[in-house]
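Counting starts at 1 for both ligands and their atoms, in listed order.
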Amino acid sequence: MDINYLLNRIRENITILRETGWIVSEPRSPEWWGGLKTPGEIAISAFLVQMTRWETVVKVIEKLRSEGLNSPESISSLKTEEIEKLIRPVNFYKTKARRIKSFSEEVLSHGGLENFLVVENRNILLSLEGIGEETADSLLLYAGNQLFFPPSEYLRRVLSRVEGRGLSKLQAKNEVILTLPRNLFTYKLFHAGIVAVGKRFCLLKCPKCETCFLNSICKFKV
Ligand code: SF4
């Protein structure tokens with residue numbers, strides 16, 4: 001599969017991307033991530049969003065913002081129980097409060113988020129509770145502006161179906177990073193585009209191939 005052809009189809013259908021909440025802007029802007037305003041908000045939301053609707057996450061982030069607690073640095077001074085109260089609307093808020101607290105303390109010990117979210121600290125990120133490869137690489141790409149492409153179930157499913165062969169998450173990611181032009185804007189655009197296809201069209205059951213903008217090249221289309 002020509003990954004760059006997929007990239008072009010995503011570029012041509014950028015409106016759909018915007019409708020799913022990805023705001024395409026200049027490469028280093030945090031707005032890509034659902035319209036959030038700072039890298040700190042992206043980092044906190046990466047924990048909140050697990051098993052939770054994005055709309056709920058945004059409400060919690062807005063509350064944190066209004067109280068000046070929308071960064072790992074500021075939230076690290078709170079006790080875990082205080083974080084629990086602030087994020088209570090999200091699912092599994094107790095577990096997430098504990099994870100946010102430990103992530104925030106790690107950020108603080110590295111002198112802030114900008115210093116922490118760099119390539120050299122990827123293994124430290126992966127050692128923290130609640131951070132797998134997808135979250136680590138999403139944080140590095142969208143909050144740290146580092147050139148990492150996050151593996152995801154959406155990417156695995158869409159590429160597997162388009163190519164008509166079963167791929168693992170790692171195989172799908174490797175295929176992308178071997179061929180995609182290495183720059184921040186392209187990495188963010190391609191990742192966001194595949195998420196949009198996965199959410200809007202390429203559903204696990206009953207994919208909406210009739211309206212999917214990849215249907216002319218997809219081997220799976222129904
Ligand atoms: S055409 Fe269907 S199977 Fe192929 S990517 Fe689109 S929704 Fe998924």
Q: Are Lys63 and Glu67 within salt-bridge range, i.e. N to O under 4.0 Å?
A: yes

Q: May I ask you to decide if the ring planes of Trp33 and Trp54 are parallel, tilted or perpendicular, using 30° and 60° as cut-offs?
A: perpendicular

Q: Can you classify the ring geometry of Phe190 versus Phe149 as parallel (below 30°), tilted (30 to 60°) or perpendicular (above 60°)?
A: tilted

Q: With the threshold set at 4.0 Å, does a side-chain nitrogen-carboxylate oxygen contact exist between Glu62 and Lys59?
A: no

Q: Leaving out waters, which are not shown anyway, how many protein N, O or S atoms lie closer than 2.8 Å to atom 4 (Fe) of ligand 1?
A: 1

Q: Could you check, using the six-membered ring where one of them is a Trp, whether His191 and Tyr142 have ring centers closer than 6.0 angstrom?
A: yes

Q: Between Lys85 and Glu82, does any NZ, NE, NH1 or NH2 come within less than 4.0 Å of an OD or OE carboxylate oxygen?
A: no

